[in-house]
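Positions are given from 1, in the same order as the sequence printed here. One-based numbering, in listed order, for ligands and for the atoms of each.
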Amino acid sequence: MLLKRYDGNPVLTPEGWPYPANSVFNPGAVEHKGETLLLVRVEDFRGFSHLTLARSPDGYTRWEIASSPTLLPDPRHAEERWGLEDPRIVWLPDREEYAITYVSFSVGGPVVSLITTRDFREFTRHGALVPPEDKDASLFPRTFGGKYALIHRPIIRGEAHIWISFSPDLRYWGEHRVLLPVRPGWWDCHRVGLGPPPIETEEGWLLVYHGVRRTASGSLYRVGLALLDLDEPWRVIRRSRSWVLGPREDYEFRGDVPGVAFPTGAILSGGTLRLYYGAADKTVCIAEAELSDLLHFLWDDGVEGDRGFGEP
Ligand code: BMA
């Protein structure tokens with residue numbers, strides 16, 4: 001098995017939360033001041049989500065969870081009407097701040113929005129970046145020819161492919177292209193979406209993504225890999241044929257949505273990639289692998305990038 005589940009899974013549960021919560025899942029992850037910091041999606045008993053910080057000195061144990069929500073919907077931001085979900089976090093060196101892309105639930109549907117922060121204490125909202133329906137978004141931790149790049153997953157004509165778009169200022173977005181389409185017939189035939197932010201490696205940007213297949217008893221959310229060109233990230237170099245993680249354990253089947261392994265955070269530490277994922281839309285779990293093994297796997301198991309859509 002390429003990705004190993006942590007023995008102590010699940011690491012965060014609604015039972016262990018300091019205030020009432022229906023589920024705690026799909027966290028953004030960063031290393032900040034020597035600690036692992038998770039911004040966890042918490043669903044309350046109205047069915048609305050907010051984000052709360054949890055920190056650990058080693059990324060596995062001794063979690064300290066904020067005693068109240070860190071980011072609640074802001075009534076001045078109409079796009080957050082029904083909550084905040086599924087954050088992805090990157091450090092932007094040129095702005096010297098973290099960018100948190102998250103799904104805000106607006107009356108018009110789910111939409112990708114941006115919050116920036118330096119310290120996870122004070123936050124600046126930048127509103128929605130693209131129109132709904134759109135989810136599963138992250139910025140790259142660097143710019144390309146002076147432009148920021150955003151990976152996201154709009155749903156257009158009922159089709160759910162991963163797209164990439166560019167912006168000079170994080171405000172106006174263009175140069176939209178399909179990056180990774182669903183693969184008819186495959187395990188990722190119905191929907192695909194970015195997992196954690198893209199991970200820079202010597203061979204290219206490693207993408208961890210989720211793929212969905214609908215079955216007679218619901219959707220299965222599994223995890224695949226792809227590699228993008230370092231300087232031209234709209235070029236897909238490889239894409240795994242097989243999934244590398246899929247629901248198997250009890251905690252991945254027992255929850256609000258059974259059959260879901262949904263990574264949203266990744267931390268690279270001494271060559272090991274630690275993935276934080278939501279299990280069954282209920283808890284937070286960890287699976288890890290050596291980065292070099294993931295890259296080897298892409299060359300052994302992968303197919304050359306099949307964009308299939310051409311230029312926009
Ligand atoms: C996706 C997102 C995730 C969720 C997953 C499985 O569409 O909404 O937040 O974990 O479905 O239910």
Centroid separation under 6.0 Å, is that true for the rings of Y98 and H32?
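Distance test on ring centres: under 6.0 Å, yes.
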Proximity of Y6 and Y60 rings by center, below 6.0 Å:
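When the ring centroids of Y6 and Y60 are compared, they turn out to be within the sub-6.0 Å range.
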Does CD belonging to E35 count more than 12 external heavy atoms closer than 6.0 Å?
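Check passes, neighbour count above 12.
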Closer than 3.5 angstrom, by distance alone: can the side chain of S219 be matched with the main-chain N or O of V212 as a donor-acceptor pair?
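Checked: no pair found.
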Looking only at protein heavy atoms, which one is nearest to [atom], and how far off is it?
atom	result
atom 11 (O) of ligand 1	Y221 OH, 3.2 Å
atom 9 (O) of ligand 1	D86 OD2, 2.5 Å
atom 12 (O) of ligand 1	D281 OD2, 2.8 Å
atom 7 (O) of ligand 1	K135 NZ, 3.3 Å

Proximity to ligand 1 by part of V103, non-hydrogen separation under 4.0 Å
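Near ligand 1, V103 shows nothing, with every heavy atom at 4.0 Å or more.
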Examine R41 against ligand 1 and note whether any of their N/O atoms are separated by less than 3.5 Å.
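Right, the criterion is met.
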Cut-off 3.5 Å, side chains only: do R239 and Y209 have a donor facing an acceptor?
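Note: R239 and Y209 side chains meet the donor-acceptor criterion.
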